[in-house]
Each structure stands twice: as C-alpha cells, then as structure tokens.
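Here the structure comes first, spelled out in structure tokens, and everything after it is commentary.
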Amino acid sequence: MSNEFTYRDSREISHTIEIDSKDFELVQEHEILTDQKMQSKPTTFFRDAMKRFRKNKSSVVGGCILGALVLLSIVLPLALTSDVSDGVYANAYQGYLAPKLFEAGTGFWDGCQTVNDAILTIDYDHYQETGEVVGMPSSYKESSVVGGQDGVTYTGFEYASGYSASAYGGYVRIYGSSATRYPTLVSQYFDVDVDTDQGYKFEVTTASYQDLPEASSWNFGAETPYMISLGFTLGYGSTVTTVPLMDDYSTDYGTVTINLWDHIDDIKEAIGDAARVTNFHLRVSCEPSGQTTSSGGVVAANVLLQSAIIASNEEDNAEYLAAISFDDANTMFGLAASDTGYWAVDNCYRAIYQSRIFRGSFRFDTYDNALGDYTATDVGYSNLVSWVNRGWMKADTDMISTDALAGLSRSQVREVAAQFAETIEIISDRCPLVDDGNITVSTMNSSVVVGGTVTRWKALFPDADKCPSYLFGTDANGKDLLKYVAEGLRTSLILGVVTFLFCFTFGLVYGAIAGYYGGWVDIIMERITDILGGVPWIVVMTLAIIMFGSNFVTFALALCLTGWIGTSSRTRTQFYRYKNREYILAARTLGASDGRLIFRHILPNAIGTIVTSSVLMIPSVIYSEATLAYLNLGLQGMSSFGVILSDNQAYIKTYPYMILFPAAVMALMMISFNLFGNGLRDAFNPSLKGAEN
C-alpha cells in the first residue's frame, strides 16, 4: 500500500500528501471523557448590577455619603446629651453661641464672632490730649473681647443726632426765641471769698457752628456774640446780679481764660453793703438777635459752648469746682438737674450738637460672654448646699436654712449672716463661686443672701470638666444645632423613605397594569390619574393638615395621595415601550403568564429608568416639607429641615451659621442622591449586563 496520496485542487494544481499509520491511532482510546468545569462564574442580575454600580466611582461616593448621613442621623441624637426639645439643658443663656472647633482667638471656627462698628466706651481725656481712640465696646463684657484693648480696631465716629449716653464731646447749643432776652447757660453755685485771693480762673471754650463740619445740615438761625459773666444773689432775694467778665459781647470764638480777681473791684462794687451773698455761678450768655422772619417770627439767638472749667488754687474748693465744671458737653447734657455738674438754662433752651459716637470692630468670644464669670447678687441656697456636698467649698449651710432662720429678728439674722460668712471657704477650682475676695453675705427679708463672682458654666454643668462647646453652635433657643440638624435629618429621611416606599410600590404596580393591558383599562386608570394630578399638592397638603393636624402621619399620608403618579406614568411609558418586543411575544407564545411577563421580562428592562427617576423622590419630599414649613404648615413638635430653616431664616444676616449648616447638609444630601441615582440607572440597565465598562 502506497504511503502517498496525490490530488488536484480547484485550480488544477497537483498536491501530494504522505500518509502515516500513526495518523489513524485513537489518542483517548483508554480515557474516560467527562464535561469540563466552566471557567467563568455564574452570576445573577442583581450581582451584575452591583458590579457595574461599584465601577461608577462618583455613585459610590454618593452612596457612602448618604450612608454616613443616615448613620449620623441615628448616632448623633443618641450620643449628644443636650435636650433639643427644650434647648441645651433648658438653658436660656446658651442662645446664639457661635460654632466652635478650635480655641478662642485662633480666628477660625473658634466660637467667636466678628462685631463691626460697635459703640465704644473710650478714654475721652486721652482722646482730647492725643487724638488717639482707646476704648472697649460699651455693651460687651471686656473679658469676652479677644485680645482685650489690642483686639479692638477703631473704625471711625459719627455725629449723634441728639443726646446719647454712648456719645462724647460736642457742643451745648444755647438758644432763645425772644428778641429781648439773653439766652444764658448757668453753672451750679460755688463760694467766693472776696476778701482773699483764692486764684479763681474761668476757662470757657465756644465755637462757631459755621466753621464746624456738617454745619450745613443744621439750621440754627442767627449766630450771635457771647458774653461771660459772674452772677450772684444778694441776701435771700431772687434777683440775680451779674458782673461782666468781658469788655463786651464778642464773636471771637475759641478758648477764653479769665482770672476772677482781675474783676474783684467790680464784684465788690456790685455787692456794696449787702449783708450776705448767698451764691455765685458762672454765666455764658448770647445777645438777642433782634431779628424777625418774613412771617413775623423771631430769629433765635445762638451760641455753642464746648467746655467751661472753673478752677481755684484753694484745695478745699478745687475738687468741688472740678465736679461742677465740664469738658465733655454730651456728658454734662445727660445729667439730671439734681446731679452735681448740671448746668441750667436761663431765659432760653439748650440742645446738644455734634457729640460723637465712636465705633470699632473686634472679635467676640460668645462662650465667655454667656458662660464665663459674672457677678451674682444671689447664688441660691440650693446651689450652696450642692457645692458643699460635692466638696467644692466649705460652709455651714444649716445656719442659713429656712428652718434655722424662722422666728429670728432682723438683727439676729444679721448676726447669723456675719457668723456664716466666717465659715465660707473655697477649696476647689471646680467650685462655681470664685474666691476673688468679692464674696458677700447680706440679708434680705429675714433671709441670708450670698453673692459674688460665679463661673456660669461650672454652675450649669457641674459634671463637666470644661466649658462645653458646640460644633455647629446653638440657635436662638440655646439648642445644640448639630444635634438639632441630626434629628431634623432623621425625621426628614424617615418621612422621605416612608413616602418613597409607598409611592414607588403603588406607582410601579399601577403603571405596570395600565401599560401592560392598555385599552379601556389604561384609559380608565389614566383618567383617575389625571383627576388626582390636577389637584395641586399644596391644596391636598393643606386640607390634610386642617383635617388631621400637622403631624408626621398627616404629612406622609398627604404626600402619598398624589406622590405615586410620577412613578406610575414612567412605568406605564416603559411598559408600552417593551411589551411588544419579540422576546415578549416569544415568551407569551411559550405560555408565560401575565405576571411572569410583567415581573420577569418587561420590568427588569424598564427598572433602570424608573428607579433613577423615583429615587429622587426622597429629597423631593424633604424639600416639599421645607416649603410647607415656610408657609407655617410644617411639622409641629418635631425637628425637620423645614422647621429648622423656617425658624432660623430671620437670623440669616446676624447669625448666618444657623442657616449655613442645615442648608449645607441638605445640599450634600441632594447631590449625593443625584449621584446615587445615576449609578442605579446604569447598574439596572439590562443592556449593559456583562459589560466591563
């Protein structure tokens, strides 16, 4: 038998093949053949969807953030001990505390607030001498100003429109409405011994308002010459005798210095043989204008007085004369007629003009102001007993108990108070009552009262090792904003999830039935949907609240009444898209039931679009609740984003953190839901099953 074989191909080319007997041997003749194990792993639709979801990094991040928010909404309300319902430990002192993460003075997230253009209490004498403004805020505790005096930045001043307790300087305007009277400002009485040289000196500073800034905004009428004189009464009569201390009325405004003894002869002549001079006083007058207006009215006479100093080299008089003098017109103007230093008017009126209010900016420690040291007039008997029992101080509190003081006279109570004061001893720095030498023990209505400097946070939080701080700060009612937001997040998420589960499930079934069966079934079901969808949800919500009250169940019920319509519409559309596909017709031909066609063949292909749109229902519900809260229809007695934002909107300019933190959490949640929803859309898209990217 030849071992070669020759053949021709289609192109008539000859080929020769050598055949060997080994080519016909059975390779696996003595082996048992079985199925080989598959190299690929079996998977399910859900597992494959999660695999695709994990590859979408942004969606994973969104899901992680959502998970963290849900976890915090559960953990934080349990971990934080403050009582949100009644404020932080029901403590009204803790309202408006700024967010704090770092120590005060670091300049960032340190529990401090920047106060701009606050009114300052300044050293006015220093300002007059040097022009430098040195002062502290008038309505803030000095220890709460970060950096003390060095932390205050002077920003400028403004002219007060009238007298202000916070203003300095300025001018007393002396004016009258008579064409014949001499408007006069009169000092308080002082003694002059005309037989000895006591070295009296008068220093009076006047000004022309025409030369002062912003004079154009003031309409004073005629500015008239002024005169400085010494007035007194003889005997016990009421007639005032005056001795001019100037040659004539003058318009030379500025500082005039007069030595009284240069005019002693004129004074003695005016006194004459009078038996007694009852008083002396300095008088600054202006001439009547003598002018009338076109309508027949009198043009007021005016003079501006900046300061009036009465001095003497007699030590017995020097202190008193300094007290009745003034170099701060605004301060003098604010005195009552019975106060030392008050200057009265004679035949005229007076007003304050161009006094200055100084302003500055600084950082303010809200925690020290609210919870730091303060002066307590009565620390309370129960507090004293508590501090003694804790071993923070020693005191025989039994001496001042109600039973011990019962029946004692007031003198006996005072004796008990004196004895009790000797038993007080501070032995721990944990004691709220500060041992600074200012502890007082007094009596009131037959009871003993202890006062002194008290550290408020130690009294309010006796078990705390340090002053509490709050990451998000506190609101107007003293609520811990971090816990408040966490509870609001929990309430809002529960409301959103409950509403989503019902609306998604019901809408999915409703839309699937309408889209699958079509025809009259679809027409009837769609007309029901149109009727419900035509009613504005705000009307549905309002009616539900009116009927059942503003509570969680009512909100969920009202949102579920029409919230499923969107899911139903999307499901119906997707069923119309897929129900006539070839694989559906094939499955129906093979005898698949309607339920199997709906839930095993059509729904898995449509679920991606439905889930993506429906998952955003949760943040939509939360925003709907927030909208209702702004209409005063929010949840009553519960924390939610809507309630928080509605309550705090009034503080958006003064305390923006009250809105910033809740809004930031809400925005973060919304963004995370969008990322998460996009990931679910790609994950549940059946056309991508098995795809690597």
Inter-residue atom distance [X].[atom1] - [Y].[atom2], 0.5 Å rounding:
| X | Y | atom1 | atom2 | result |
| --- | --- | --- | --- | --- |
| Arg363 | Thr153 | CZ | OG1 | 12.0 Å |
| Met332 | Asp327 | CE | CG | 11.0 Å |
| Asp262 | Asp265 | CG | CG | 10.0 Å |
| Phe280 | Thr233 | CZ | OG1 | 9.0 Å |
| His263 | Leu230 | NE2 | CG | 10.0 Å |

Mark yes or no for whether [X], through its side chain, and [Y], through its backbone, hold a donor-acceptor pair below 3.5 Å.
| X | Y | answer |
| --- | --- | --- |
| Thr205 | Ser307 | no |
| Thr224 | Asn302 | yes |
| Thr474 | Leu97 | yes |
| Tyr657 | Asp475 | no |
| Arg430 | Pro462 | yes |
| Asn330 | Ala167 | yes |
| Ser144 | Phe364 | no |
| Asn648 | Ile659 | no |
| Trp109 | Leu471 | yes |
| Ser446 | Arg410 | no |

*Partner of Trp343 by side chain to side chain contact (heavy atoms under 4.5 Å, CB included), out of Val186, Leu282, Leu335*: Leu282

Side-chain contact, heavy-atom cut-off 4.5 Å: [X] with [Y]?
| X | Y | result |
| --- | --- | --- |
| Leu260 | Ile267 | yes |
| Asn317 | Phe190 | no |
| Tyr175 | Val345 | no |
| Ser355 | Tyr163 | no |
| Phe232 | His281 | no |
| Val449 | Thr377 | no |
| Asp365 | Glu103 | no |
| Leu304 | Thr206 | no |

*May I ask you to check whether Tyr651 and Tyr96 place their ring centres under 6.0 Å from each other?*
yes

*Could you tell me which residues satisfy ring pair (Phe, Tyr, Trp, His ring centres under 6.0 Å) with Tyr253, sequence neighbours excluded, listed by chain and number?*
Tyr226

Of all heavy-atom pairs between [X] and [Y], which one has the smallest distance, and what is that distance?
| X | Y | value |
| --- | --- | --- |
| Ala98 | Gln113 | CB-CG, 3.9 Å |
| Gln188 | Asp339 | NE2-O, 2.8 Å |
| Ile352 | Gly169 | CD1-O, 4.3 Å |
| Phe358 | Tyr168 | CD1-CD1, 3.8 Å |
| Pro225 | Thr251 | CG-CG2, 3.6 Å |
| Leu433 | Met393 | CD2-CE, 4.4 Å |

*asked:* If only side-chain N and O atoms count, and only distance matters, is there a donor-acceptor pair under 3.5 Å linking Arg356 with Tyr127?
replied: yes

*asked:* Please verify the inter-ring angle class for Phe202 with Tyr200; under 30° counts as parallel, over 60° as perpendicular, anything in between as tilted.
replied: tilted

*Relative to each other, are the rings of Tyr367 and Tyr470 parallel, tilted or perpendicular (30° and 60° limits)?*
parallel

_Partner set under side-chain contact (heavy atoms from CB on, under 4.5 Å) for Glu415, not counting sequence neighbours_ = none

Residues 129-142 side chain polar contacts: donor-acceptor under 3.5 Å, at least two apart:
{"unit_1": "Thr130", "atom_1": "OG1", "unit_2": "His126", "atom_2": "O", "d": "2.8"}
{"unit_1": "Thr130", "atom_1": "OG1", "unit_2": "His126", "atom_2": "NE2", "d": "3.3"}
{"unit_1": "Thr130", "atom_1": "OG1", "unit_2": "Glu132", "atom_2": "N", "d": "3.2"}
{"unit_1": "Glu132", "atom_1": "OE1", "unit_2": "His126", "atom_2": "NE2", "d": "3.1"}
{"unit_1": "Ser138", "atom_1": "OG", "unit_2": "Ile119", "atom_2": "O", "d": "3.3"}
{"unit_1": "Lys141", "atom_1": "NZ", "unit_2": "Asp368", "atom_2": "O", "d": "2.8"}
{"unit_1": "Lys141", "atom_1": "NZ", "unit_2": "Asp373", "atom_2": "O", "d": "2.8"}

[X]: side-chain hydrogen bond (donor to acceptor under 3.5 Å, both in side chains) partners, not counting sequence neighbours:
| X | answer |
| --- | --- |
| Thr453 | Asp436 |
| Asp328 | Thr331 |
| Arg350 | none |

